Amino acid sequence: QKEVEQNSGPLSVPEGAIASLNCTYSDRGSQSFFWYRQYSGKSPELIMSIYSNGDKEDGRFTAQLNKASQYVSLLIRDSQPSDSATYLCAVNLNNDMRFGAGTRLTVKP
Amino acid sequence: DVKVTQSSRYLVKRTGEKVFLECVQDMDHENMFWYRQDPGLGLRLIYFSYDVKMKEKGDIPEGYSVSREKKERFSLILESASTNQTSMYLCASSLPLLTEAFFGQGTRLTVV
């Protein structure tokens, strides 16, 4: 079983819609959770971090964490074409940072 | 701002060569990581280091070694490059425990 799993996509949404990205992880001891955005040919950049159960909002982005279900999600409201990228879920356990394979998002004008 | 710098953006090497990929960070981070990224496979951890001279194997250490003689520098070594090591290599650094990782710009290595 992979440690961090994401749907590879591609996920396509129209401009202005909500994009929903999901991630599950296998190790119950995981302590911190991150979403990165990666544009083609570029390195990943952090967009959200979340450490406790519940929702965390930052502008158009909301991260949701449910440790009991071992589930992390990212919602992007009012999606823009510039949000088109691959989104990587990352999970940190005792200094060991593991990534999912990423979900490719396309926002169509 | 955190800066993580990888020595080369693009690299072409021949099969059997010994290859050195260098990574330097300027934020006094304890943790440093080497990943490779391949289409459909995401980022796979090769090695990480949580202190000078300390290293831990990740998921795919075979064919690689690392060196961390100074806190700011973490080197990835391909002992004898093979074509299946053609990939994008990403270095990252972070503070201890729960914090996020910051990435370098990546090195696209082609082994011919």
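Lettering follows sequence order; numbering is per chain, from 1. Given the structure is predicted, the values throughout are model-derived calculations rather than measurements.
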Check whether Leu95(B) and Met32(B) end up in the same hydrophobic cluster, where Ile, Leu, Val, Met, Phe, Trp and Tyr are linked by side-chain heavy atoms less than 4.5 Å apart. no
For Gln38(A), is it the side chain, the backbone, both or neither that has a heavy atom under 4.5 Å from a heavy atom of chain B? side chain
Are there over 12 heavy-atom neighbours, none belonging to Lys108(A), within less than 6.0 Å of that residue's NZ? no
Considering residues, nucleotides and ligands other than Arg44(B), do more than 12 of their heavy atoms fall under 6.0 Å from its CZ? yes
Out of curiosity, Lys42(A) NZ to Met88(B) CE, how far, rounded to the nearest 0.5 Å? 10.0 Å
Can you tell if the side chain of Leu43(B) reaches within under 4.5 Å of the side chain of Met97(A), non-hydrogen atoms only? no
I want to know whether Phe34(A) and Phe103(B) have ring centres closer than 6.0 Å. no
Ile18(A), CD1: over 12 other non-hydrogen atoms inside 6.0 angstrom: no
Under 6.0 Å from the CZ atom of Arg9(B), do we count more than 12 heavy atoms belonging to anything else shown? yes
Non-hydrogen atoms of chain A under 4.5 Å away: do they reach the side chain of Thr99(B), the backbone, both or neither? backbone
Given a strict heavy-atom distance threshold of 4.5 Å, which part of Gln37(B) is in contact with chain A: side chain, backbone, both, or neither? side chain
At their closest point, which heavy atom of Ala101(A) faces which heavy atom of Leu41(B), and how far apart are they? CB-C, 4.1 Å
In one Ile/Leu/Val/Met/Phe/Trp/Tyr side-chain cluster, 4.5 Å: Leu11(B), Tyr89(B): yes
Contact part of Tyr36(A) toward chain B, heavy-atom cut-off under 4.5 Å: side chain, backbone, both or neither? side chain
Beyond-backbone contact of Ser43(A) with Val4(B), side-chain heavy atoms, under 4.5 angstrom: no
Do Leu21(B) and Leu90(B) share a hydrophobic cluster (ILVMFWY, side-chain heavy atoms under 4.5 Å, transitive)? no
With chain B as the partner, which of Arg104(A), Arg98(A), Gln31(A) has the greatest number of non-hydrogen pairs under 4.5 Å? Arg98(A)
